[in-house]
Amino acid sequence: MISNSGTRPVADLLNLSQLPPGELDRRIFSDRGVYELELERIFAKCWLFIAHESQLPRPGSFLTTWMGEDNVIVVRKRDGSIGAYINSCPHRGNRVCNAEVGTSRGFVCNYHGWAFDLEGHLTGVHESQTYEREPTFRPADIGLTSVAQLGTYKQLVFATFDADAPSLPDYLGDFSFYLDVMLDNDPGGTMFLDGSIKSTLDCNWKIAAENFAGDALHAGWTHASAATTMLGRDVADLGDPQSESYHVNVNGHCWEFNLDEVGNAATLGDPKVMKYLRERRDQFRERLGPLRSRMVGSVSSVNVFPNFSFLPGQNTFRTWHPKGPERTELHTWVLVNRDAPDEVKAAWRKGAMMTFSPSGVFEMDDGDNWEFATSSARGVVTRRQLLHYGLGLDSRISHPELPGRVHRCQVNDANQRAFYDRWAELLRSKAKQAPTSAPLT
Amino acid sequence: MPVFEVSELAVGQIKRVCVPGYPPIAIYNVGGSFYATADTCTHARASLSEGDLDGRHVVCPVHWAEFDVTTGRAMSFPASIPLVTYSVTVEGDTVILALPADR
């Protein structure tokens with residue numbers, strides 16, 4: 001299975017517990033065999049973020065996205081519920097939907113005219129009279145392959161190809177306590193602003209995901225120049241052991257944060273965003289309690305395992321889609337409170353684009369680092385050296401309010417270790433068989 | 001023959017009518033005027049009454065062929081054969097479908 005990993009066997013490579021604590025084998029970023037296992041045992045098994053409900057406003061609204069390397073159509077069905085199907089015709093395999101987003105009556109394959117309704121059922125074929133003579137052609141048994149389970153948490157839509165996966169509430173577990181900081185700080189709920197910015201990075205998807213899981217350390221170094229431009233001063237010292245900041249993780253989902261209320265939001269450089277957050281402090285406190293209310297725009301970053309990340313304050317939400325071990329397709333959106341004034345929504349859209357888009361001042365900094373961190377692992381000698389993930393090995397604490405595994409100080413590698421522990425646990429598990437073809441009812 | 005009351009088919013709606021001895025027939029309300037065509041798309045096997053009425057064009061629910069329901073003319077790929085049309089009149093509150101003796 002391991003095609004490119006020198007002399008160490010696969011079990012050794014995947015058994016992270018055999019490594020010294022706080023070290024990581026960098027071959028996981030370049031090995032094709034590891035990558036193929038990830039597609040089977042992580043992306044075909046985990047709950048993956050596929051849409052925000054606001055992207056599917058009415059029956060027929062659809063978008064296409066990725067679950068691993070499986071292209072999926074997410075659609076609002078005629079009864080108002082949401083479905084998700086593999087975007088591939090059961091006749092010859094061509095995709096049945098060529099658009100990234102839109103509204104449609106159904107999906108017709110461009111190759112031979114096989115047609116499917118919003119529920120994924122085959123409704124007709126070209127030259128239907130010839131098929132009607134064929135005893136093996138049973139249209140009722142032919143349709144687009146549905147995901148195995150679909151669920152929503154506060155308007156975020158997730159799906160899994162694993163019929164035996166735990167429920168979405170169990171998968172998220174206590175992490176929903178933290179998700180509510182972004183998803184439930186306002187009674188009107190949230191929405192994605194129209195449009196998505198997509199780009200590709202020549203990096204392994206995990207390097208991006210682990211950065212959002214816990215890498216506060218890079219902010220004051222990688223982003224020093226951009227932060228000074230946007231803030232007019234350096235990034236605050238985030239590693240002060242006396243400061244109130246944390247790494248928290250649940251089931252491999254990770255949130256690093258401090259309680260400075262507006263540190264991330266301030267990097268957008270827009271007083272309208274700051275005013276909006278300031279005016280709602282009491283409301284946040286009422287809905288979230290005093291501690292979480294200070295997380296809404298603070299210096300923080302989040303990764304929902306495996307590949308769904310966001311930044312409170314900047315409000316960029318994003319998925320890292322694997323495209324081989326050394327390539328990642330990044331999809332990003334801007335999340336706002338639905339009832340926020342239009343000028344505040346516009347400020348967040350503009351600010352997120354200025355900071356975290358391919359031409360944004362922060363995102364450009366990251367891409368360069370991640371691409372070389374990935375490609376260095378190609379060197380057969382280079383990759384013999386383990387990478388250092390040993391920050392905060394004794395930082396675990398118990399906290400009276402915060403659930404999950406809590407570590408003091410946001411300059412820490414605790415979340416990254418939790419991300420890779422979860423990753424390794426899944427890769428060691430047995431792969432599930434092919435996804436169910438049963439329709440989702 | 002009388003088929004239904006005017007109030008049973010709102011503007012922009014389509015109703016399928018089955019008459020023994022005839023293929024299924026679709027009746028349309030186009031801005032208050034009633035029209036009728038064969039219900040089966042001339043391309044494949046779809047029922048046009050399950051499609052959408054955009055003005056005077058019916059859109060097939062399967063491959064999205066369009067027909068002008070006032071003339072039966074096929075307006076777009078993949079349909080090229082026109083629909084058979086039937087004459088419809090309104091007498092009082094009743095929609096009357098005129099069927100040819102030789103179908």
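Labels below follow one simple rule: chain letters A, B, ... track the order of the sequence lines, proteins then strands, and each chain is numbered from 1. Just so we're clear, the structure is a prediction, and the values are computed from it rather than from any experiment.
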Determine the option with the most heavy-atom pairs under 4.5 angstrom with chain B, choosing from A:Glu132, A:Gln129, A:Glu127.
->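 Top count of heavy-atom pairs under 4.5 Å with chain B: A:Glu132.
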
Please check if the number of heavy atoms outside [X] that lie under 6.0 Å from its [atom1] is greater than 12.
{"X": "A:Asp339", "atom1": "CG", "answer": "yes"}
{"X": "A:Tyr111", "atom1": "OH", "answer": "no"}
{"X": "B:Glu5", "atom1": "CD", "answer": "yes"}
{"X": "B:Asp93", "atom1": "CG", "answer": "no"}
{"X": "A:Lys323", "atom1": "NZ", "answer": "yes"}

Indicate yes or no for a side-chain donor-acceptor contact from B:His63 to the backbone of A:Val108 under 3.5 Å, with no hydrogens or angles considered.
->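 Not at all, since once roles are kept as given, no pair shorter than 3.5 Å links the two residues.
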
What's the shortest heavy-atom distance between B:Val62 and A:Gly124, and which atoms?
->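 Taking every non-hydrogen atom into account, CG1-CA, 3.6 Å.
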
B:Trp64 versus A:Phe107, closest heavy-atom pair with distance = CZ2-N, 4.0 Å

With only heavy atoms counted, which part of A:Thr130 is less than 4.5 Å from chain B, the side chain, the backbone, both or neither?
-> neither

Side chain, backbone, both or neither: which part of B:Ala46 has a heavy atom under 4.5 Å from chain A?
->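 Neither part; nothing is under 4.5 Å.
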
